Amino acid sequence: MGIDLATLLQLERLAALDTETAPAGAREKLCDDLSRVLDHVRSLTSALSAAPEPEPEAVVAPASLRADEPQPGLSREAALRGAPHTDGLTFVVPRIVP
Amino acid sequence: MLDLCAQAEAVRGGSVRAEALLEAHLERADRADDALGAFLHRSTEAARSAARAVDEARRSGRTLGPLAGVPIALKDALCTTDAPTTCASRMLEGYVAPYDATVVTRLREAGAVLVGKTNLDEFAMGSSTEHSAYRLTRNPWSHEHAPGGSSGGSAAVVAARFSSAALGSDTGGSVRQPAAFTGVYGLKPTYGRVSRYGLVAFASSLDQIGPFATSVRGAARLLSVLAGSDPHDATCADLPVPDFEAASSRPVAGLRIGVLTDWIEQVQDTSLRAGIEASLQTLRDAGAILETVAWTGAEHSIAAYYVIASAEASTNLSRYDGIRFGRPGRGATLRERIRDARVQGFGPEVKRRIVLGTFVLSSGYYDAYYGKALQVRRGIAAAADALFARYDALIGPVTPELPFRLGARNDDPLAMYRSDLFTLPASLAGIPAASVPLGLAPNGLPLAVQLMTRRWDEATLLALSATLERAFPMPAPGGVHA
């Protein structure tokens with residue numbers, strides 16, 4: 001099973017990558033590329049005989065943990081410095097709640 | 001040409017001023033980087049100020065750090081407060097981080113002179129550095145060939161001697177492969193050896209910062225500076241850091257090395273295969289014991305890696321919405337603005353991986369793809385553990401081929417992914433691995449071999465690497481002067 005155009009459009013919407021202005025043929029190529037990758041990935045199914053339990057990390061090491069004490073975070077100024085739209089106190093976005 | 005250790009010692013001893021050492025590197029970059037395309041940002045004045053500070057410290061009799069005066073470049077995925085961090089993406093055009101990465105702080109504290117930020121595949125996703133949104137980086141050995149990726153800029157900078165060393169990041173081979181393509185030494189530490197705080201995340205369970213250097217000893221010194229626990233990174237191990245530089249001169253007689261013969265047989269280029277065979281003989285001559293082995297499950301690495309890495313990337317890159325930082329989007333609603341920022345800000349390879357990652361994590365497909373990939377990963381790691389119960393190291397190719405021509409893989413993502421065939425298993429297992437240069441092929445392109453050791457045993461990795469380095473001295477590319 002590959003990725004058809006309808007599935008791609010759903011995925012793009014989920015990832016906030018949907019656009020009405022994709023160049024001609026771009027979505028078709030993306031479907032084809034992703035389908036070929038998934039064809040290859042399906043080999044994973046045959047890779048499992050005595051299947052070990054999945055583990056998100058390959059390495060478990062003694063961790064560097066700090067004391068559970070509040071630490072200073074970014075200053076408001078530093079946090080806002082890179083923001084495209086700000087009123088000096090907050091990030092500014094279009095109204096969400098009418 | 002002096003390696004970074006000899007440079008640091010010369011600066012400490014006063015036979016070379018840090019400012020003079022820096023100017024020699026700056027002059028080379030001034031002359032040649034327009035054509036090579038390795039830097040995204042050059043920190044020339046800040047570097048001069050740092051070099052002056054080193055010289056002043058020496059004149060004042062203050063103790064100098066282990067990297068004092070050494071020019072070092074940084075992959076532009078490492079956060080710096082005094083230079084932009086773009087990840088080679090329009091999404092982060094002009095972005096300046098509010099903090100330095102831990103590795104950057106440690107380099108500064110060691111006296112290193114940071115010369116600039118280097119080009120990469122966008123958000124570290126790629127194997128050729130061709131996915132950068134800003135410029136093309138060429139291989140210093142042949143401008144028609146790729147330098148590898150994603151850390152191609154860092155590899156090229158070191159190969160061209162624009163800096164004495166550089167940092168890259170390796171998620172699926174992005175230090176080792178460009179090191180092999182450019183004829184420099186590149187090392188991926190054990191996952192957890194080096195703090196990832198301040199490395200812009202691609203795949204958090206795989207990303208690891210590693211050094212490029214012109215010598216094994218230089219990489220060892222760099223690793224000693226970078227490694228060690230960091231309370232900012234809970235995945236960074238709280239383990240003592242060995243003296244890697246001392247370890248790099250240890251003898252290797254008696255070490256048992258598993259030869260991944262089935263990998264070597266897949267190498268397409270006869271000169272690359274011959275170079276690898278010659279490296280095996282060098283290790284035998286040094287007293288190591290070599291036996292053929294097979295790494296069970298490694299053949300599924302591409303599938304497992306691209307599911308896991310894409311899944312993690314789709315999550316990590318969801319933070320880029322153009323609201324708190326980064327490229328702003330246009331639109332009447334919040335959703336339109338976020339969508340516009342991401343559509344305009346990300347390049348095609350990044351979008352491809354985000355969509356793939358979204359798919360494999362979605363309801364109905366999670367177990368079939370992501371769950372299975374994690375199981376396969378666990379199996380690959382267990383197979384590595386079984387090998388290292390009998391062997392001290394593994395050896396095999398870094399890549400199936402010599403550096404490919406620029407543009408040769410751009411229309412076929414799967415072909416590009418397949419070039420990571422031999423680097424992915426070590427990434428999935430979290431073990432340390434290095435690319436060691438082996439001289440040049442008859443066509444003038446670099447040859448290399450990959451060494452891997454058990455977790456936390458970078459010391460043996462460096463010792464074996466140094467043994468090969470002595471047998472296969474590597475020149476600098478033509479046009480680079482001492």
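Convention: sequence-line order gives letters A, B, ...; per-chain numbering from 1. Predicted model, so just to flag it, every value in this text is computed and none were measured.
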Go through the atoms of [X] and report whether side chain, backbone, both or neither lie under 4.5 Å from a heavy atom of chain A.
X	value
B/Val307	side chain
B/Ser318	neither
B/Leu334	both
B/Tyr99	neither
B/Ala382	neither

Leading residue by heavy atom contact count with chain A [cutoff under 4.5 Å; candidates B/Thr358, B/Ile302, B/Ile354, B/Ile323]: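 Among the listed options, the one with the most contacts to chain A is B/Ile323.
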Is it true that A/Asp18 and B/Arg335 make a salt bridge, defined as a side-chain N closer than 4.0 Å to a carboxylate O?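 B/Arg335 and A/Asp18: salt-bridged.
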Is any side-chain N of the basic residue among B/Asp367 and B/Lys372 closer than 4.0 Å to the acidic one's carboxylate O?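 B/Lys372 and B/Asp367: not salt-bridged.
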Which portion of [X] sits near chain B, non-hydrogen atoms under 4.5 angstrom:
X	result
A/Arg13	both
A/Leu8	side chain
A/Ala26	neither
A/Ile96	side chain

Residues in salt bridge (charged side-chain N to carboxylate O under 4.0 Å, His left out) contact with B/Arg342, at least two apart in sequence or another chain: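 Listed in chain order: nothing, the list is empty.
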Show your reasoning for whether side chain to side chain contact (heavy atoms under 4.5 Å, CB included) applies to B/Ser419 and B/Arg409. CA-CA 10 Å; B/Ser419 65; B/Arg409 301 284 163 87; 4.0 Å; yes
